[in-house]
Amino acid sequence: MINIEKIRNEPELFKKAITDKKVPLELDRLLELDRLCRDLIGQIELLRQQRNHISEIIADEPDNRNELIDKSRILGKELANKESKFQNLETEFKKLMALVPSLPLIGVPKGDTDKDNVEISRWGSVIQKDFRIKDHLELALIHGLADFEGARNIAGSRAYALTGNGALLELAILRLALDKILAKAFTLISPPLLVKEIAMFGTGYFPLGEDNAYELQKDKFYLTGTSEVGIVSIHMNKVFEANDLPKRYVGISPCFRREAGAAGRDTKGLYRVHQFQKIEQVVFCTNNDEIARVEHTALLKNAEEILQALELPYRVVVMCTAEIGLGQVYKNDIETWMPSRQDYCETHSCSSFHNFQSRRLNIRYRNEKGEKAYIYTLNNTAIASPRILIPFLENHQNADGSIYIPKALRPYLNGLEVIRL
RNA sequence: GGAGAGGUGGCUGAGUGGUCGAAAGCGGCUUCCUGCUAAGAAGUUAUACGGUCAAAAGCUGUAUCCAGGGUUCAAAUCCCUGCCUCUCCGCCA
């Protein structure tokens with residue numbers, strides 16, 4: 001939850017963020033509820049004070065005991081009345097509070113769609129091949145890297161199975177990415193993927209993203225769409241010592257996404273699937289904007305190094321206001337070149353939250369003065385598969401249909417240099 | 001899935017309806033003493049939000065003994081639900 005005092009003091013800033021991020025929230029109603037609640041809680045505390053005072057006297061067995069008990073009873077009725085009124089107001093207040101976005105940092109471009117994102121860098125050259133290129137589906141088919149038909153029969157649309165070298169290739173890429181991150185002193189976590197609502201809410205995926213999560217109704221669990229959810233939320237209510245920070249984690253997990261709202265989009269192939277594997281970087285740091293910025297840049301660089309090792313051309317973009325989520329203050333996507341699409345497409349997403357998540361989950365640290373302050377959180381993809389297999393297969397195909405294996409990956413594939421037909 | 005036990009402050013742990021935000025011990029902090037690195041003495045020590053104040057301190061109000069609901073004039077204490085931990089049985093990768 002955003003600090004209500006900040007909202008009271010600078011409502012215009014939040015109104016702008018609400019508009020820019022396109023959040024369905026009426027801030028004036030929230031502020032009105034805040035006033036009503038505060039006024040009512042004042043009245044309630046006064047009544048409680050009176051009742052507590054009378055209770056103390058009753059305990060001393062005075063002569064007019066019964067009289068006092070009657071008086072307390074009347075106070076109690078009035079209290080109950082106001083308390084239930086308060087509860088209703090507070091419920092609505094909390095619901096609206098959950099929708100208050102974090103403020104985008106200066107430098108986040110204002111915009112409505114991904115067309116408004118701003119490219120800031122490129123790496124690698126996009127080579128237009130002098131032969132007819134095959135898309136990843138065709139390549140997967142001729143090499144036997146994936147089975148779509150069988151998977152879809154039992155798991156529905158967007159399902160896939162990686163087979164043979166396809167599965168080995170995925171494992172190799174994941175392990176390469178993991179090793180690159182581990183070399184930078186990150187702590188590996190394989191977190192819970194089946195979590196309670198508080199974890200989804202606390203990391204900011206709920207309430208607005210509820211349609212995108214798989215829900216296990218019988219047990220009231222949700223399947224996480226990224227290991228970030230488990231990694232961040234297992235620290236709920238924790239207080240770090242300042243010298244524990246920054247704490248850097250790398251997560252590994254399957255990820256589950258309903259892709260609601262994307263019905264009919266990207267239904268072919270490995271681009272938009274319900275289940276995938278991801279290596280994820282997550283960082284906790286002190287509540288210092290400059291430190292967070294440095295960490296953000298480092299997370300971005302780590303991901304870029306992985307793509308460079310895989311010899312895949314990519315570009316980095318700054319996401320515009322409508323494309324960053326409720327909680328993010330700044331976000332970069334890395335888009336990797338996909339020949340079949342003749343475009344750079346999202347493969348990585350690097351987000352800074354400042355204290356948006358830590359306030360929801362009550363994750364703090366003790367600063368130099370001994371005071372508790374909310375930490376900052378950040379995260380970025382290291383690698384996500386099978387989407388990354390699209391640029392991998394398509395960029396590395398040769399005229400004869402074989403697939404080139406970049407040098408850095410060969411140790412993970414028993415020295416394999418080319419996947420031949 | 002079945003049966004049982006439990007969840008109290010930084011930690012251990014007492015408290016079965018009012019005098020309890022909570023005994024005692026440990027730990028922490030402050031001061032003193034002694035002097036030689038550890039021991040002694042005294043005091044102090046929960047959190048959040050509000051009021052008072054220029055501000056801090058202090059004083060003061062409310063809430064908090066896992067969470068939510070209920071009983072009662074009054075709940076850490078009684079009742080219900082949920083969550084978590086532990087033990088036994090069953091099932092199982």
Side-chain angles (χ1 to χ4, degrees), chain A residues 1-9 30-31 33-98 100 190-203 206 215-224 229-230 233-244 252-254 287 355 358-375:
Chain A
M1 300 288 188
I2 302 291
N3 187 352
I4 181 67
E5 257 178 79
K6 226 173 136 183
I7 305 172
R8 277 179 208 139
N9 293 339
L30 176 76
L31 290 167
L33 284 166
D34 177 46
R35 278 191 296 275
L36 292 172
C37 280
R38 292 219 287 172
D39 180 56
L40 201 52
I41 201 74
Q43 297 176 35
I44 287 170
E45 287 196 358
L46 206 65
L47 286 171
R48 283 180 182 160
Q49 180 183 352
Q50 290 170 24
R51 191 184 59 178
N52 288 345
H53 182 65
I54 292 171
S55 280
E56 245 174 82
I57 301 173
I58 292 172
D60 286 337
E61 304 276 339
D63 297 336
N64 59 344
R65 200 166 185 272
N66 288 337
E67 197 183 305
L68 288 170
I69 286 177
D70 284 344
K71 206 168 157 191
S72 180
R73 195 175 283 148
I74 292 165
L75 279 175
K77 285 223 173 85
E78 202 180 331
L79 246 181
N81 186 10
K82 290 198 194 257
E83 279 170 340
S84 87
K85 214 182 266 173
F86 175 75
Q87 232 171 18
N88 289 339
L89 289 173
E90 201 196 25
T91 304
E92 191 188 344
F93 174 73
K94 282 184 175 164
K95 226 179 198 165
L96 298 189
M97 274 300 278
V100 180
S190 168
L193 314 179
L194 219 46
V195 301
K196 293 188 199 169
E197 190 181 6
I198 179 64
M200 302 298 282
F201 176 82
T203 44
F206 282 10
E215 178 185 2
L216 282 82
Q217 280 183 334
K218 201 169 172 185
D219 297 292
K220 293 185 184 134
F221 284 124
Y222 298 87
L223 280 165
T224 59
V229 174
S233 62
I234 56 174
H235 294 85
M236 182 163 71
N237 297 327
K238 182 177 165 75
V239 181
F240 284 91
E241 295 302 325
N243 57 14
D244 292 336
I252 176 164
S253 80
N287 63 346
N355 63 18
S358 65
R359 291 186 63 94
R360 290 184 166 217
L361 287 165
N362 190 33
I363 306 174
R364 294 171 295 173
Y365 80 102
R366 207 181 300 278
N367 65 21
E368 312 72 37
K369 291 182 216 153
E371 298 159 345
K372 288 171 189 162
Y374 292 105
I375 59 153

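Order of the sequence lines sets the chain letters (A, B, ...), proteins ahead of strands, with each chain counted from 1. Bear in mind the structure is a predicted one, so any value in this text is a computation, not a measurement.
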Student: Using the C1' atoms only, state how far U85(B) lies from U8(B), rounded to an integer number of Å.
Tutor: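 Looking at atom C1' only, U8(B) and U85(B) are 15 Å apart.
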Student: Can you tell me, in whole Å, how much space there is between the P of C84(B) and that of G25(B)?
Tutor: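 Between the two P atoms, the distance is 36 Å.
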Student: Any donor-acceptor pair under 3.5 Å linking the side chain of S72(A) with the backbone of L68(A)?
Tutor: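 Side chain of S72(A) to backbone of L68(A), a donor-acceptor pair under 3.5 Å: no, none is there.
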Student: Would a distance-only check, ignoring hydrogens and angles, find a side-chain to backbone donor-acceptor pair under 3.5 Å from D39(A) to L36(A)?
Tutor: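 Judged by distance alone, no pair lies under 3.5 Å.
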Student: Quantified in whole Å, what is the P atom distance between nucleotide G35(B) and nucleotide U30(B)?
Tutor: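 Pairwise P distance, G35(B) against U30(B), rounds to 23 Å.
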Student: Return yes if some donor-acceptor pair links the side-chain N/O of R48(A) with the main-chain N/O of Q43(A) below 3.5 Å, else return no.
Tutor: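 Not confirmed, R48(A) side chain does not pair with Q43(A) backbone.
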Student: Counting N and O atoms only, with roles assigned by atom type, does the side chain of N3(A) sit under 3.5 Å from a partner on the main chain of E5(A), one being a donor and the other an acceptor?
Tutor: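 Flag set: sc N3(A) to bb E5(A) pair under 3.5 Å.
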Student: Does any N or O in the side chain of S358(A) come within less than 3.5 Å of the main-chain N or O of I375(A), such that one atom is a donor and the other an acceptor?
Tutor: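 Yes; judged by distance alone, with no hydrogens or angles, the pair exists.
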Student: Between Y374(A) and Y365(A), is the ring centroid distance below 6.0 Å?
Tutor: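 Y374(A) vs Y365(A): aromatic centres not under 6.0 Å.
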Student: Could you pick out which residue, F221(A) or R38(A), lies toward the 5' side of RNA chain B when each is mapped onto its nearest nucleotide?
Tutor: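 That would be R38(A).
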Student: What distance, rounded to whole Å, do you find between the two P atoms, one in U62(B) and one in C20(B)?
Tutor: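 It works out to 16 Å between them.
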Student: When you measure from the side chain of R360(A) to the backbone of F201(A), do you find a donor-acceptor pair of N or O atoms at a distance under 3.5 Å?
Tutor: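 Yes; at least one donor-acceptor contact below 3.5 Å.
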Student: Would you list the protein and nucleotides 63-65 of chain B atom pairs, both N or O, that sit under 3.5 Å from each other?
Tutor:
unit_1, atom_1, unit_2, atom_2, d
A63(B), OP2, N52(A), ND2, 3.3

Student: Kindly point out which of G18(B), C84(B), C73(B) is positioned nearest to the side chain of K196(A)?
Tutor: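 Closest of the options to the side chain of K196(A): C84(B).
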Student: Under 4.0 angstrom, heavy atoms only, what part of the nucleic acid is Q87(A) near: base, sugar-phosphate, or nothing?
Tutor: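 Since only primed, P, OP1 and OP2 atoms lie under 4.0 Å of Q87(A), the category is sugar-phosphate.
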Student: Between C73(B) and K77(A), is there an OP1 or OP2 to side-chain N/O distance shorter than 4.0 Å?
Tutor: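 No, outside the criterion.
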Student: If we call it a pair only when both distances are under 3.5 Å in a Watson-Crick or G-U wobble match, what pairs with A63(B)?
Tutor: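 The answer is U47(B), by the H-bond criterion.
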Student: Among G18(B), U62(B), C73(B), which nucleotide sits nearest the side chain of Q49(A)?
Tutor: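 Nucleotide nearest to Q49(A)'s side chain: U62(B).
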Student: For U30(B), give the paired nucleotide (Watson-Crick: N1-N3 plus N6-O4 or O6-N4; G-U: N1-O2 and O6-N3; both under 3.5 Å), or none.
Tutor: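 U30(B) is paired with A42(B).
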Student: Which whole number of Å gives the distance between the C1' atom of G18(B) and that of G13(B)?
Tutor: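 Going atom to atom, C1' in each nucleotide, I get 24 Å.
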Student: Think Q50(A) has a side-chain N or O under 4.0 angstrom from the OP1 or OP2 of G61(B)?
Tutor: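 The answer is no; no side-chain N or O of Q50(A) sits under 4.0 Å from OP1 or OP2.
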Student: Any strand counts, and the cut-off is 3.5 Å on both contacts for Watson-Crick or G-U wobble. Which nucleotide pairs with C36(B)?
Tutor: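 No nucleotide pairs with C36(B).
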Student: In whole Å, measure the gap between the C1' atoms of U77(B) and A3(B) for me.
Tutor: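 It comes out at 26 Å once rounded to the nearest Å.
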Student: Which value, in whole Å, describes the distance between the C1' atoms of nucleotides A23(B) and C65(B)?
Tutor: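 Here A23(B) and C65(B) have their C1' atoms 14 Å from each other.
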Student: Hunt down the Watson-Crick or G-U wobble partner of A76(B), both distances under 3.5 Å, from any strand shown, or write none.
Tutor: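 Answer to the pairing question: none, since A76(B) forms no Watson-Crick or G-U pair.
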Student: Name the residue closer to the 5' end of RNA chain B, choosing between D60(A) and H53(A) according to the nucleotide with the nearest heavy atom.
Tutor: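 Looking at the nearest nucleotide for each, D60(A) comes out on the 5' side.
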Student: Just wondering, are more than 12 heavy atoms of other shown residues or ligands nearer than 6.0 Å to CD in E67(A)?
Tutor: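 No, CD of E67(A) has 12 or fewer neighbouring heavy atoms, counting only those of other groups under 6.0 Å.
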